Number of protein chains: 2
Amino acid sequence: MSAAAGPRPVSIFDVAKRAGVSHQTVSRVINDAPQVAAATRAKVKDAIAELGYRPNRSARALAGGALKSVTVLTTDTSLYGTAETLRGIEDAARAAGFSVLVSVMDPDQAYSEADLLGRLPHDGAAAIVIAHDETTVRAMRALHERQPGATVATCGEHQEDRDADWLISLDDRTVAARATRYLLDMGHRQVHYLAIPGTAGRRTGWSDALAAAGITAPAAVESGWSVAAAAEAATALVADPAVTAILCGNDDLAFGVLHAAHRAGRAVPGDLSVIGFDDYPLAAYHVPPLTTVDLDFRGVGRGAFERLRAMLEGGPDPRPSWRSPELIVRETSGPPRQ
Amino acid sequence: MSAAAGPRPVSIFDVAKRAGVSHQTVSRVINDAPQVAAATRAKVKDAIAELGYRPNRSARALAGGALKSVTVLTTDTSLYGTAETLRGIEDAARAAGFSVLVSVMDPDQAYSEADLLGRLPHDGAAAIVIAHDETTVRAMRALHERQPGATVATCGEHQEDRDADWLISLDDRTVAARATRYLLDMGHRQVHYLAIPGTAGRRTGWSDALAAAGITAPAAVESGWSVAAAAEAATALVADPAVTAILCGNDDLAFGVLHAAHRAGRAVPGDLSVIGFDDYPLAAYHVPPLTTVDLDFRGVGRGAFERLRAMLEGGPDPRPSWRSPELIVRETSGPPRQ
DNA sequence: GGTCACGCCGTGAGCGCTAACATTTCCTCG
DNA sequence: CGAGGAAATGTTAGCGCTCACGGCGTGACC
């Protein structure tokens, strides 16, 4: 929407008149169509430059041209994982000439299908859902059901969809099991889990590993997303001298636990081993540096976009190009003291 | 773009036929126009629901309806300040029924005006620039020059634009001076500054305060945006026993300094006081908790959107509704030891 | 009973662009 | 040198919607 005044923006016809050609020729030039004589092309380009013409995306979309836009649906763009995934999508989208629409949903609201679809610019529009919680997982499902071809979701947490070709996800389950196993191998008798809301993969990996070692998993401790919530949720756990190892749903929670442990006077990693998830940039520089899991969110965002694009344009399915999750052992984990 | 197959999406005409009215009446219903009989309205709404009709935004935009979209231009959506500002814009935009387009720019690239404008969906489109570095500041200027009415920029760093009505910004200069003054009042003889690239306000506030106290400011130490870069950039500073207080361009840098100080065996705040900027959620839970400055990015994002909307719709200029920057003293700052 | 007003609804045009087809131009070759 | 054909350009229609009108019916009022 143009503000207040300003003359009508220049259209393809203005350019055509200026260059002395038909509007269709101008269209061909701006779309790099082959069949245009070099001299004509130059004339048109000059006219475009002189007039400061810029194509109108709405008109283009309407006329049936390749729309080239993706809508990203998610709940919280300021969470590290989400922000990085978004970044990956944006990078890839920009490189491919797509524009990115971001639509943020309220994690506490139940959306109807209409609400969801209303967020897309038109029926059948391409979308990517960054799904970390119930709301987004539901959205991902609904969207996929409604428009099977044009939807891709990232980091979905539900096992049953894991292998679906429209879902891109990091295998946090296996690496959670690995992290748990690592703690067990260090000599810990039990590993506790501080859970972020709604992430099944990590939780399952943790209990799998415990089960494989013949250990009955304790109840996971539920936390909110924030550092504050984690510090709060972990106070009891941290105060219990029998607890020697805590796996956390992400690095924020790990920082919260570290904080709580410090308050409770428990030494890390002497009294307590703490492992996070996500490898925030800060993790390596925390005092002490945090043992965590590297998760290539940006790569997965790129991957999601590439997959979407392949679906859209019918190209071959691109090969996954992101790093596998990996445990990074730093200084908040070690053998139990005794 | 619709994927592969699928029948033509349902249009306003399909709904009209189904409801036995004209397309224009349908248009009136979906736009909540007043002059429609209740019975007709109900019929149309039923038809819409049965057919699963959803208006096409491109067509709407093209036909001259209120477009209701904002493009946000910025460099790095995963930086805390940027992410929060974006979040604020999104919240406000969603509430007003606007959709949000995000366009990420490369901080190391010089963009031509054409490049910049090409990121907007059409000529004269509304845009907000989140400007933290040179690239975005330049973009903000260029955009404002080209379409004075429809551009608002957030957190611009250049003094001369500070009072422009199209620029929303937090007064980090004054609070930087306050933080510096606070350190001086604690007894520090000198305050050093570790700078993020391109932020004039904080740097100026710092040197102002020093000058006001009759102290010659040392050269600011330049750092990159990352914790790693900060830790690296601060090594010499931290190793110098004469340095007792460091003000940092943001919390990431402060964490880097803290890390470097720890490595160098200097106690905080005993040997060294460190102050950050931004008040990351983590700052309060760091060990020790970080003294920093609360900056209401989310509020400023909201404010930027409201201002833009007022410009667009000609409403009254909304009153600023964000918190003023405030120094939050925690445990990384105190009097020098001796 | 005619006029006017008003509430409700329909018709036509056109936003800026692209797809499909029609037409012209120009070169090639027998 | 004229036919044939490809290359280059023009013409027309229409995407889905909104805007500006115009038309029709009902009721009020003189």
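Note that the coordinates shown come from a computational prediction; the quantities given were computed from them, not determined experimentally. Only heavy atoms go into these numbers, but all of them, side chains included; no hydrogens, no water, no symmetry mates. Lettering follows sequence order; numbering is per chain, from 1.
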Quick check for you: among C:dC8, D:dC15, D:dA8, whose closest atom lies nearest to any side-chain atom of B:Ala37?
C:dC8

For the residue pair B:Arg87 and A:Asp76, establish whether any side-chain heavy-atom pair is separated by less than 4.5 Å.
yes

Rounded to the Å, how far apart are B:Phe13 CZ and C:dT11 P?
10 Å

Any base atoms under 4.0 Å from A:Thr40, or only sugar-phosphate, or nothing? Heavy atoms, all strands.
sugar-phosphate

Are more than 12 heavy atoms, taken from residues, nucleotides or ligands other than A:Glu145, located less than 6.0 Å from that residue's CD atom?
no

To the nearest Å, give me how far apart CG (A:Asp14) and P (C:dC15) are.
11 Å

With the side chain of A:Val21 defined as its heavy atoms from C-beta on, choose the nearest nucleotide among D:dT9, C:dC9, D:dG10.
D:dG10

Test for a donor-acceptor pair under 3.5 Å between the base of D:dT18 and the side chain of B:His23, counting only N and O atoms.
yes

Residue B:Ser11, side-chain heavy atoms: nucleotide from D:dG16, C:dT18, C:dG10 that is nearest:
D:dG16

Axial bend angle, the helix from C:dG1-D:dC30 to C:dG30-D:dC1: five-pair end segments, nearest 10°:
50°

Are there more than 12 heavy atoms of other residues, nucleotides or ligands under 6.0 Å from atom NZ of A:Lys17?
no

Roughly how many Å is it from CG in A:Asn56 to P in C:dG14, rounded to a whole number?
18 Å

Side chains of A:Val300 and A:Thr85: does their closest heavy-atom pair fall under 4.5 Å?
yes

Counting C-beta onward and ignoring hydrogens, is there a side-chain heavy-atom pair between A:Thr77 and B:Thr77 closer than 4.5 Å?
no

Counting side-chain heavy atoms from C-beta on, which of D:dT18, C:dG16, D:dA8 comes nearest to B:Gln24?
D:dT18

Counting only distance, no hydrogens or angles, is the base of C:dG10 paired donor-acceptor with the side chain of B:Arg28 under 3.5 Å?
yes

Quick check for you: among C:dT18, C:dG10, C:dC17, whose closest atom lies nearest to any side-chain atom of A:Ser27?
C:dT18

Worked check of salt bridge (Lys or Arg N to Asp or Glu O under 4.0 Å) between A:Arg18 and A:Asp46
CA-CA 9 Å; A:Arg18 173 89 168 215; A:Asp46 285 350; over 6 Å; no

Of the candidate nucleotides D:dG10, D:dC17, C:dT18, which contains the atom at the shortest distance from the side chain of A:Arg60?
C:dT18

If you compare every side-chain N and O of A:Thr25 against the phosphate oxygens of D:dA8 (OP1, OP2), does one of them come in below 4.0 Å?
no

Are side-chain N/O atoms of A:Arg94 and B:Ser103 paired as donor and acceptor at under 3.5 Å?
yes

Per nearest nucleotide of DNA chain C, the residue lying toward the 5' end, B:Ala59 or A:Asn31, is B:Ala59

Using whole Å, report how far NZ of B:Lys68 lies from C1' of D:dT18.
15 Å

With no angle test and no hydrogens, is the base of C:dC9 tied to the side chain of B:Gln35 by a donor-acceptor pair under 3.5 Å?
no

Of C:dG10, D:dC17, C:dC15, the nucleotide closest to the side chain of B:Ile12 is D:dC17

Exercise: identify the closest heavy-atom pair between A:Thr74 and A:Thr82:
OG1-CG2, 3.3 Å

Taking atom C1' of D:dC15 as reference, at what distance in whole Å does atom CG of A:Leu62 sit?
5 Å

Expressed as a whole number of angstroms, how long is the span from B:Arg57:CZ to C:dC15:C1'?
18 Å

Atom-pair distance (CG on B:Asp123; P on C:dC17), nearest Å:
10 Å

